[in-house]
Every structure is written in C-alpha cells, then in structure tokens.
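Below: the structure, in structure tokens.
Residue numbering restarts at 1 for every chain, and letters A, B, ... go by the order of the sequence lines.
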Amino acid sequence: MKVQLLVSDWCASCHQAEKVWREVSEERDFDFAVVDMGQPEGRELVSRLRLKTIPALVVDDRLAAIGVQTRQEALSIVGAAPAKLAAPTHHVGLSMGTTGRAAVHSSLVYLFVAGGFLAVKGSLFLGGFARVAPLHLFTLGFMTFMVYALGEHMLPRFTGNPVRGGVFAWLQLGLAHAGLLMLVSGFFSGSRWLALAGACLAWLAFLMFALRMWPVLWPRQAGAAGAEPPTGTIREGD
Amino acid sequence: MKVQLLVSDWCASCHQAEKVWREVSEERDFDFAVVDMGQPEGRELVSRLRLKTIPALVVDDRLAAIGVQTRQEALSIVGAAPAKLAAPTHHVGLSMGTTGRAAVHSSLVYLFVAGGFLAVKGSLFLGGFARVAPLHLFTLGFMTFMVYALGEHMLPRFTGNPVRGGVFAWLQLGLAHAGLLMLVSGFFSGSRWLALAGACLAWLAFLMFALRMWPVLWPRQAGAAGAEPPTGTIREGD
Amino acid sequence: MHKRNRLFVTFSLAYALIGGLAGIIWLYDPGLIPGDAVLLHGHIMLLGFIAMMIYGVGLHVLPRFSGNPLYSERLANWQLYVSNAGLWLMSAGWLAASNPLVLLGGVVSWAGIGMFAFNIMLTVKIHGPAG
Amino acid sequence: MHKRNRLFVTFSLAYALIGGLAGIIWLYDPGLIPGDAVLLHGHIMLLGFIAMMIYGVGLHVLPRFSGNPLYSERLANWQLYVSNAGLWLMSAGWLAASNPLVLLGGVVSWAGIGMFAFNIMLTVKIHGPAG
C-alpha cells in the first residue's frame with residue numbers, strides 16, 4: 001500500500017494534514033511519503049492525476065481524498081495495513097523537526113557570540129594559544145550546527161528516505177555542544193588537553209551525524225535510488 | 001479597474017499567464033498586480049474568494065477567469081481601460097528581469113575571479129597599494145552586483161510598487177562594471193588617479209540604483225504604503 | 001512591507017553611498033579624513049550597508065517563511081535605533097581615533113545584532129506552528 | 001537526488017571527519033603531522049566539507065528553483081573528479097611543505113569552482129524559461 005500526501009509550503013491546512021498522517025504512518029506499516037508541490041515529483045503528480053486542490057491524498061496512484069482527514073478517517077483508509085513495530089526513524093516533511101529547530105537556535109547563539117568578538121575585538125583571531133577560539137565558535141558552532149539542522153531537514157526531503165531521530169539525534173547535539181565548549185575553554189585557559197578532549201567529543205558528534213545521514217543517502221534497498229532522472233527534469237508517471 | 005493575477009512559484013502555466021498579462025498591462029492603463037500564493041496577500045485572496053485553481057484572475061475583487069488567457073482574451077477583459085502612455089517602469093513578478101539576471105551572472109563572475117586569489121594566493125589581501133584589489137572584486141563585484149540583482153527583483157515584490165528599468169538600469173550596470181574594473185586596474189598598476197576615477201563611477205552606479213529603489217520604497221501616493229499590518233500577519237479583506 | 005523595514009533598507013542604501021564617499025576621499029587624499037579612514041570605510045560598509053540590508057529583508061521575509069508573525073514589532077523598532085546609534089558611535093570613534101568610543105560603538109552594534117537574533121529566534125519557534 | 005549529488009554530500013561528510021582528525025592530531029602533538037597541519041586542517045574543512053556540501057546541495061536545488069534542467073550533467077560529473085583531485089593535490093602540498101604542489105592544487109580546485117559556476121549560470125539563464 002502506497003500513500004502519498006500532496007502538500008505545499010503556502011498551504012496552512014497541509015501542515016495539519018501532514019501531522020495527522022505522520023502519526024498514523026508511525027503506527028501502521030505502509031509506504032508513506034509527503035510530496036511537495038514545489039518539487040518536480042509533486043508537479044508530476046498534479047499533472048498526471050489532474051489534481052486541483054491540496055492537501056490531496058493519493059493511495060496507490062489514485063486520488064483517495066482531499067482536505068484534512070481526522071485520525072479516525074486516516075486509520076480507516078489504511079485499514080488493511082498491519083500495525084508497525086516501534087521504529088526510531090521518521091519521514092521528514094514541511095515542518096522542521098524539534099532537533100533541527102534546536103540546532104538552528106544553537107547555531108544562531110554561537111553566531112552571536114562569535115559576532116561579539118568581531119564587534120568588540122574587530123577580528124575572529126586572538127593572540128597566543130587562544131588565537132583560533134573565536135574562529136571555532138563560528139565554524140564549529142554556527143556553521144556546523146547549521147549543517148546539522150539543514151542536513152537532517154533537507155537531505156530526507158531531497159532523497160525521500162527517512163532519517164533516524166530521537167535519543168540518537170539529541171545525543172549528537174549534546175556531544176557537539178559539550179565538545180565545542182570544552183574546545184573553546186581549553187583554548188582560552190591554555191589547556192591543550194581540555195581542548196583535545198573537546199575536539200574528540202565534537203568529532204564523535206559529527207560521526208554520529210554522518211552515521212545518521214548514511215542511510216538517508218544510501219538506503220539499503222538496492223535500486224531504490226539507482227535509476228533516477230537527471231536533476232530538474234520532470235519524472236513521467238511510474 | 002484593479003486586476004490581480006494569483007500565481008505561485010511551482011505552477012508552470014503561471015509563468016505563461018504572467019507573461020501575457022505583463023504585456024497587456026504595459027499597453028493598457030489599469031491597476032495590475034501579480035500576487036504570490038506564498039505570501040500573506042496571496043493566502044488572504046485564496047481564503048477570501050475560496051480559490052481552488054491557479055493561475056486565477058481577480059478583477060475588482062471578483063474571480064474573473066482561471067487558467068492562461070490569450071492576449072486577445074486578456075485585452076477583451078480590460079476592454080474598458082484606456083491605452084497607456086509609454087512608461088519606463090514595470091511591475092515585477094515571479095521571473096527575474098533581464099537586468100537582474102545579467103547582474104547575477106556578473107556577480108558570479110566576480111566571485112570566481114576573487115575566488116581565484118583565495119585559491120592561488122590563499123588570501124583576499126595582497127601587498128602594497130594593490131592590497132585591497134581582490135577584496136574589492138569580492139565586495140564591490142560579487143556582493144554589490146548581487147544586491148543590484150536581488151534589490152530590483154525582490155523589493156518591488158515586497159512592496160507591490162513598480163521599478164524603473166530599461167536604459168537607466170543598463171546604464172547603472174555598465175557604470176558599475178566600468179567603475180570596478182578601473183578601480184581594480186588602478187590598484188594593480190599603482191595609479192591612484194585611475195582607482196579614484198573608477199571609485200567615482202562605481203559610486204555613481206550605486207547612486208542610480210538608490211534612485212531607482214527610492215520610488216519602490218517610498219511611492220508618491222500618500223497612504224499607499226502607510227497603513228500596513230505588522231509583518232507576517234494576514235491582512236483581512238479590504 | 002512594514003515602514004520600519006523600508007527604513008532599514010533605505011538606511012542601508014544611504015550608508016553605502018556615505019561609506020563609498022569615505023573611500024573616494026581617502027583615494028583622493030589619505031590625509032583629508034582624520035583618524036582611520038580605511039576602517040571607517042570598511043565598518044560603514046559592513047555594519048551600515050550589508051547588515052542593515054539583512055535586517056530589513058530578514059525582518060520582512062523570515063516571519064513569512066516560518067508562518068509565524070514577528071515575535072516583537074517593538075523590539076524590531078528599537079533595533080533600528082540601536083543599530084544606527086552603534087554605527088554612529090563607532091564611526092565617531094574612528095574619526096576621533098578614540099579606542100574607547102570604537103569599543104562602545106562595537107558593543108552597541110553587537111546589541112543590535114543580538115536584538116535581531118533574539119527576535120528571529122522567537123519568531124522561528126523551536127516548536128513550529130502545528131506543534 | 002542524483003547519485004553524483006549524493007556522492008558530493010558523502011565526500012563532504014567524510015572530509016569533515018578527516019579534517020577534524022587532522023585538527024585532533026595537531027592538538028595532541030603539533031609535530032606528528034609533517035608540513036603545515038593547521039593549513040591542512042583549514043583547507044580540508046573549507047574546500048572539502050563546506051564547498052562539497054554546497055556543490056551537492058546546489059546542483060540538486062538550483063535547477064529546481066530556476067525551472068530549468070541542469071545545463072550539463074556530464075560537466076557536473078567531471079566537477080566531482082576535479083574538485084576531489086584539487087583537494088588531494090593541495091593536501092599533499094601542505095603535508096610535503098611544497099609550495100608548487102599547493103599552488104597546483106589551488107588552481108585545480110579553482111577550476112572546479114569555475115565548472116560549478118559555469119554550469120549553474122547556464123542553468124539559471126539570462127533569459128528565463130518563459131522569455
């Protein structure tokens with residue numbers, strides 16, 4: 001059973017419909033995807049099924065319903081699908097997840113702190129062993145946390161594969177904060193060992209991020225991502 | 001007579017409809033606006049008139065037509081409107097104008113040249129009088145041309161006011177190129193006077209840009225932009 | 001577009017012209033402007049032209065992208081005064097070759113950045129519109 | 001997402017880990033890595049982690065935003081090889097403390113940037129899809 005929910009950024013009720021279907025898809029075992037009208041896949045669906053209204057629900061390549069379904073309606077539509085075993089992955093849609101939003105906020109805070117050095121000292125570089133401390137607030141703080149946020153939000157959307165979230169994602173963010181703060185404290189206090197320990201934690205955090213992104217980029221099912229059309233062309237009905 | 005064309009980025013036929021109406025609006029004198037479904041103004045129109053399909057044509061706050069009109073159909077819809085005197089301003093919609101696209105291309109070329117110094121010399125700063133030459137390729141080349149492009153594309157969209165284009169816009173871009181190239185040549189050849197002449201031309205180009213943006217930001221009609229709702233809230237039917 | 005955001009963009013354009021003029025005068029005669037004309041030029045361009053353009057466009061666009069109204073219109077209005085005051089103080093510092101004045105201007109400008117970041121962060125909430 | 005773009009993102013993640021490791025080793029003992037370990041770390045992060053992430057995401061997103069297919073898939077494939085070769089040559093140059101090798105790597109990396117810019121410029125045409 002293949003269920004596609006057609007949505008768009010500008011459509012307020014789409015966010016509501018997505019929330020309902022996201023919950024149902026985590027309880028029942030069926031093939032679920034949120035399709036964005038702004039992407040070629042969405043445009044292809046619109047023109048193939050001549051859809052005129054969103055949110056639109058497409059089940060096995062036929063228009064099944066429009067508008068927002070209640071939880072009960074959604075469950076009855078997928079009535080045949082078996083219950084799902086608890087899984088730590090989730091599909092990504094329009095709204096950024098909680099860990100993603102937390103990473104954006106962290107990123108902005110580090111940008112602000114690094115910007116303070118730029119505004120007050122006029123440079124991201126200091127003297128002595130602390131020379132690169134503000135620079136790392138910018139690169140390992142602002143830039144890396146922004147990559148964490150956009151990576152877990154955009155790569156699953158681009159590839160259509162789910163991303164692992166939950167405890168693993170929070171642990172990654174926690175390690176990244178602890179690592180960066182230890183690294184910068186080490187630079188300022190002149191303690192090479194504190195900086196080294198911080199660098200190792202930050203590296204482990206990035207490794208966790210890379211491990212989370214790996215199955216998003218290279219999913220297990222062979223062929224699932226193999227025979228794709230060139231970038232930007234519109235896929236014909238499959 | 002007030003004509004609004006409701007469009008969205010993801011809708012291919014909207015680009016076609018916009019082209020037709022853009023042409024007609026430059027021949028006949030009526031109040032024309034392209035309204036983006038992704039903006040609050042567009043969402044307000046959708047919910048007030050319960051629109052379901054785009055492109056949608058709204059004439060004096062009533063749905064007049066959907067889909068793409070031919071030039072003849074469009075002219076008959078605005079049949080009552082008088083012919084327009086030639087005007088150098090134009091409204092901005094989904095597609096970036098020709099001068100805007102030219103400015104984006106120029107911006108990327110300067111970025112590439114400045115990036116060459118970064119890749120080969122490892123820095124945007126050199127020694128001696130030429131010290132800041134690569135830096136100005138980045139700031140007065142890449143960044144300023146990007147501001148020229150996005151300014152003339154986005155500010156008219158944000159404010160709903162037309163922007164002056166044509167010869168004036170091309171002259172601005174020409175002066176900006178000449179000024180930057182003379183400034184950089186002056187830095188490299190050690191000629192302070194060549195650099196000074198280039199700086200003056202680049203400054204005149206920016207002045208022309210500022211003069212083009214002024215009526216976009218502060219239109220003549222008092223009140224036209226005065227009583228606006230706070231950012232991000234949805235305007236109720238006017 | 002909110003009047004305050006149009007003011008931010010207008011100030012950005014004006015500072016680009018003022019900063020450009022400082023560069024032109026320096027090229028004509030490096031001694032004509034007292035203090036450090038090069039850092040004056042650079043900071044007017046960075047904190048005037050570029051930063052105010054980002055403030056004006058960001059305050060208009062980011063609430064629309066996130067689907068929430070701006071957290072505080074009043075804080076954004078104050079940010080307009082604070083950012084301008086910071087830049088004027090810093091510019092006065094470069095002209096007078098006064099390090100304390102430059103530092104004060106830097107701290108005030110930084111506060112303006114902080115007000116912008118705080119306002120945007122509470123607009124783009126951790127829990128989105130549907131959560 | 002095209003396989004080449006996924007490879008760009010994957011290389012980006014790998015270079016972040018390799019560049020991070022270089023930084024960690026330098027912190028442990030600045031003498032363990034021959035040549036200039038600090039510039040090695042910085043350039044792997046900039047030309048590996050950040051640039052390849054921009055290439056991968058940009059090649060996926062920009063054609064979609066502009067409404068045109070990518071100008072040349074083949075040029076983008078070659079860009080993957082050229083960008084990686086440039087970074088390896090430059091890294092070898094830092095390790096061997098060889099200026100000519102660093103310069104060669106810089107020129108090859110720059111060619112990769114140029115291929116990306118050229119491809120994107122011809123995708124986002126001066127005359128748009130409707131013009």
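The 12-atom threshold is not exceeded at CD1 of Ile66(B), counting heavy atoms of other residues, nucleotides or ligands nearer than 6.0 Å. The number of heavy atoms from other shown groups lying within 6.0 Å of CZ (Phe188(B)) is above 12.
The ring pair (Phe, Tyr, Trp, His ring centres under 6.0 Å) check on Phe187(B) picks up Phe129(B), His136(B), with sequence neighbours excluded.
Atom CG of Leu122(D) is separated from atom NE2 of His105(B) by 7.0 Å, given to the nearest 0.5 angstrom.
For residues 79-113 of chain D, a heavy-atom distance under 4.5 Å to chain B picks out Met90(D), Leu103(D), Gly106(D), Val107(D), Trp110(D), Ile113(D), given by residue number.
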